[in-house]
Colleague: 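One structure follows; several queries about it will come next.
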Number of protein chains: 2
Amino acid sequence: MALRHAVLAALLGEELSGYQLAKAFDLGVANFWHALPQQLYAELTRLEHDGLVSGREVVQDTRPTKRLFTVTDAGLAELERFAATHNKPSFIRDDLLVKVQAADHIAADVLIAKLTERAVFADAKIDLLGGLLRKLRGDMSEEEFLRYGERVGPYLTCLRGIAFEQGNRDWCRRSAAILEQRRTAHARG
Amino acid sequence: MALRHAVLAALLGEELSGYQLAKAFDLGVANFWHALPQQLYAELTRLEHDGLVSGREVVQDTRPTKRLFTVTDAGLAELERFAATHNKPSFIRDDLLVKVQAADHIAADVLIAKLTERAVFADAKIDLLGGLLRKLRGDMSEEEFLRYGERVGPYLTCLRGIAFEQGNRDWCRRSAAILEQRRTAHARG
DNA sequence: GTACACATGTAAGGAGTTACATGATTTG
DNA sequence: CAAATCATGTAACTCCTTACATGTGTAC
């Protein structure tokens, strides 16, 4: 039951619908957790049932009726309790790494293409998250924001997301270059 | 069914038992995938049934009988096919990040402790993986190994694992320092 | 003689993914 | 007029985790 805490954390300080939450979990919030819309709708229902969030219906004229959720005091207490529990180490689980692990036994060109593709994707995400950072800190400098700003939590997780993607990108580019070099050497030798 | 490909990739170029594989997936191989022993035993049975690996019994006198597995030609073909499939983007899923996301609403000392703990863990893992790298490249330099060495696949995934843990460690230390600074300022002001 | 390493699983339950379902409105 | 956005779900299935089960040999 870790998704519940991710949802609670994402919902802190703002009032969001399942749909908005789903967008956040797809793009931005995916820095600290990833989940599909179906999971979120189900989890929100459960959280409301358990009294950890409370939802209110908002009828709109041009759009379908939506439900906006906020974290309750009980929800905040649950997060506080969760924060003190033991962390599971975070493992990477990545298709692309599996493919690279097999690099000595499969076609290099396919791998190089996948690595390049991922590097491009990483760059796009870095840009996206960079925009999110700027939005979070407003007209403050990063140093100033980290000292005095409100909502440093989302800022810090966003920084981790960016660093992660930079790591991805750099590793992808380097690995692609190495495989390319070896392929060329092999073709010659 | 991504675990199957992870198992196939881990098994390439060596003959391992379920037990040995489980150790690898727990510590070293966890750079590119993570799985528990029970999953691996079950997956190996399925892979053997599907003809992607073949196992042979080895009776030992002082130890229980074990089964050693190798990847078959069909298994290699399956990996080759897999390599060409679309990558899912790799998302972080991390308890600790969820906790930091909530940083503005929960007790700082608990978070700082968790971040410090994780940084120490990351350092230990960096050491471990560093040893693995040295073992893989033998007496070659890194540059030499990456050009001419055999089994660059595992080396590259190990490099990613190290960079990931370095990213974790640096972010944990920095985040802890920031939260500490804010806590102190808050106590004073 | 207690704990750890070797060695392999079963069973139950919780979490995540894929596919399907509906329907109005706005943007290109 | 096709595609994307808003808005919320159900159902089936696969995958992962937690708990349990068993037994010998070796190291401290």
Side-chain angles (χ1 to χ4, degrees), chain A residues 1-8 15-27 29-30 32-50 53 55-69 82 85-95 98, chain B residues 1-7 15-27 29-30 32-50 53 55-69 85-95 98:
Chain A
M1 265 193 284
L3 175 60
R4 26 181 46 191
H5 302 111
V7 170
L8 287 172
E15 193 179 31
L16 298 174
S17 66
Y19 186 83
Q20 288 173 294
L21 208 55
K23 297 213 84 175
F25 268 78
D26 188 47
L27 288 169
V29 182
F32 69 91
W33 205 266
H34 173 251
L36 299 165
Q38 303 93 302
Q39 285 177 272
L40 295 170
Y41 285 118
E43 194 61 53
L44 283 170
T45 304
R46 256 173 277 153
L47 282 166
E48 192 179 21
H49 175 266
D50 297 346
V53 305
R56 63 182 183 95
E57 289 230 321
V58 175
V59 182
Q60 303 170 112
D61 21 295
T62 71
R63 293 288 178 199
T65 298
K66 63 182 172 183
R67 280 192 302 148
L68 295 178
F69 295 92
F82 171 68
T85 61
H86 179 69
N87 297 330
K88 316 181 187 167
S90 77
F91 292 110
I92 295 181
R93 233 173 220 176
D94 190 337
D95 280 355
V98 172
Chain B
M1 267 193 283
L3 175 58
R4 29 180 44 194
H5 301 111
V7 170
E15 194 179 30
L16 297 174
S17 66
Y19 186 83
Q20 289 173 295
L21 206 58
K23 296 211 84 173
F25 268 78
D26 188 48
L27 287 170
V29 181
F32 70 91
W33 206 265
H34 173 251
L36 298 165
Q38 303 94 302
Q39 281 178 273
L40 295 170
Y41 285 116
E43 194 60 54
L44 283 169
T45 304
R46 256 173 276 152
L47 282 166
E48 192 178 23
H49 175 266
D50 296 346
V53 305
R56 62 183 183 94
E57 289 230 322
V58 175
V59 181
Q60 305 172 111
D61 20 296
T62 71
R63 295 283 179 204
T65 298
K66 63 182 172 183
R67 280 192 301 149
L68 294 178
F69 295 92
T85 61
H86 179 67
N87 298 330
K88 316 180 188 168
S90 77
F91 292 111
I92 294 181
R93 232 172 222 177
D94 189 339
D95 280 356
V98 172

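Computed over heavy atoms, backbone and side chain alike; hydrogens, waters and symmetry mates excluded. In the text below, chain A, chain B and the rest are named by the order of the sequence lines, each starting its count at 1.
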Colleague: My understanding is that only residues two or more places apart in sequence, or in another chain, count here; which of them pass side-chain hydrogen bond (donor to acceptor under 3.5 Å, both in side chains) with B:Asn87?
Modeller: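 Partners of B:Asn87 by the side-chain hydrogen bond (donor to acceptor under 3.5 Å, both in side chains) criterion, ordered by chain and then number, come out as A:Lys99.
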Colleague: With sugar-phosphate meaning primed atoms plus P, OP1 and OP2, does B:Arg93 contact a base, only sugar-phosphate, or nothing at under 4.0 Å between heavy atoms?
Modeller: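 The residue B:Arg93 makes sugar-phosphate contact but no base contact.
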Colleague: Do A:Leu8 and B:Val98 have side-chain heavy atoms sitting under 4.5 Å apart?
Modeller: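 With C-beta onward as the side chain, the pair stays apart.
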Colleague: State which residues pass side-chain contact (heavy atoms from CB on, under 4.5 Å) with B:Thr65; sequence neighbours excluded, sorted by chain then number.
Modeller: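 side-chain contact (heavy atoms from CB on, under 4.5 Å) list for B:Thr65, sorted by chain: B:Glu57, B:Val59.
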Colleague: With A:Arg4, which residues qualify under side-chain contact (heavy atoms from CB on, under 4.5 Å), at least two apart?
Modeller: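 With sequence neighbours excluded, A:Arg4 shows a side-chain contact (heavy atoms from CB on, under 4.5 Å) to A:Met1, A:Glu43, A:Arg46, A:Leu47, A:Asp50, A:Leu52, given in chain and number order.
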Colleague: Let me confirm one number: the CG-NZ distance from A:Asp94 to B:Lys88, rounded to the nearest 0.5 Å.
Modeller: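 Taking CG in A:Asp94 and NZ in B:Lys88, the distance rounds to 10.5 Å.
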Colleague: Looking only at side-chain N and O atoms, does A:Lys23 come under 4.0 Å of OP1 or OP2 in D:dT5?
Modeller: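 So the side chain of A:Lys23 is outside the cut-off, no N or O lying under 4.0 Å from OP1 or OP2 of D:dT5.
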Colleague: Mind checking side-chain contact (heavy atoms from CB on, under 4.5 Å) for B:Gln38 and listing every partner two or more places apart, or none if nothing turns up?
Modeller: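 Per chain and number, B:Gln38 pairs via side-chain contact (heavy atoms from CB on, under 4.5 Å) with B:Leu36.
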Colleague: At what angle, to 10 degrees, do the two end axes of the helix from C:dG1-D:dC28 to C:dG28-D:dC1 meet, given five pairs define each axis?
Modeller: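 Inter-axis angle at the ends, rounded: 60°.
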Colleague: Between CD of A:Gln39 and CG of A:Leu21, what distance do you get to the nearest 0.5 Å?
Modeller: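 Nearest 0.5 Å value for the CD-CG distance: 11.5 Å.
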Colleague: Can you pull out the residues from residues 61-68 of chain A that lie within a 4.0 Å heavy-atom distance of DNA chain D?
Modeller: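 Contacts with DNA chain D under 4.0 Å: A:Arg63, A:Pro64, A:Thr65, A:Lys66, A:Arg67.
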Colleague: Would you say that A:Gln20 contacts A:Leu68 through its side chain, given a criterion of any heavy-atom pair below 4.5 Å between the two side chains?
Modeller: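 Yes; the side chains approach each other to less than 4.5 Å.
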Colleague: What is the separation between atom CD on A:Gln20 and atom C1' on D:dC6, rounded to the nearest whole Å?
Modeller: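 Atom-to-atom, A:Gln20 to D:dC6, this comes out as 10 Å.
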Colleague: Any donor-acceptor pair under 3.5 Å between the side chain of B:Gln38 and the base of D:dT18?
Modeller: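 Such a pair exists between side chain and base.
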Colleague: Would you please name every residue forming a side-chain contact (heavy atoms from CB on, under 4.5 Å) with B:Tyr19, sequence neighbours left out?
Modeller: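 Testing B:Tyr19 for side-chain contact (heavy atoms from CB on, under 4.5 Å), a comparison that skips the adjacent residues, returns B:Ser17, B:Lys23, B:Tyr41.
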Colleague: Reading DNA chain D from 5' onward, which residue's closest nucleotide shows up sooner: A:Phe69 or B:Gln39?
Modeller: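 That would be A:Phe69.
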Colleague: Using the heavy-atom set of chain B and a strict 4.0 Å cut-off, write down the first and last nucleotide of DNA chain C that makes it in, 5' to 3'.
Modeller: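 Endpoints of the contacted stretch of DNA chain C: C:dA5 to C:dT18.
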Colleague: Report the distance from atom CD of B:Glu43 to atom C1' of D:dC16, rounded to the nearest whole Å.
Modeller: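 Atom CD in B:Glu43 sits about 12 Å away from atom C1' in D:dC16.
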Colleague: Between A:Arg46 and A:Leu36, which residue's closest nucleotide on DNA chain C lies nearer the 5′ terminus?
Modeller: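 The residue closer to the strand's 5' end, by nearest nucleotide, is A:Arg46.
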Colleague: Within the structure provided, determine whether A:Trp33 and A:Val7 are in side-chain contact (heavy-atom separation under 4.5 Å).
Modeller: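 Answer no - side chains too far apart.
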Colleague: Taking only the side-chain heavy atoms of B:Leu3 (C-beta and beyond), determine which of D:dC16, D:dT10, D:dC6 contains the nearest atom.
Modeller: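 Of the candidates, D:dC16 comes closest.
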Colleague: With a 4.0 Å limit, can you tell me whether A:Tyr19 has a side-chain N or O closer than that to the phosphate oxygens OP1/OP2 of D:dC6?
Modeller: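 Yes.
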Colleague: Starting at atom OH of B:Tyr41, determine the distance to atom C1' of D:dT22, rounded to an integer number of angstrom.
Modeller: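 Rounding to the nearest Å, OH of B:Tyr41 and C1' of D:dT22 are 13 Å apart.
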Colleague: Whole Å only: how far is the NE2 atom of B:His5 from the P atom of D:dC15?
Modeller: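 Atom NE2 in B:His5 sits about 11 Å away from atom P in D:dC15.
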Colleague: Can you check side chain to side chain contact (heavy atoms under 4.5 Å, CB included) on B:Glu15 and B:Arg56, steps first, answer last?
Modeller: CA-CA 10 Å; B:Glu15 194 179 30; B:Arg56 62 183 183 94; 2.7 Å; yes
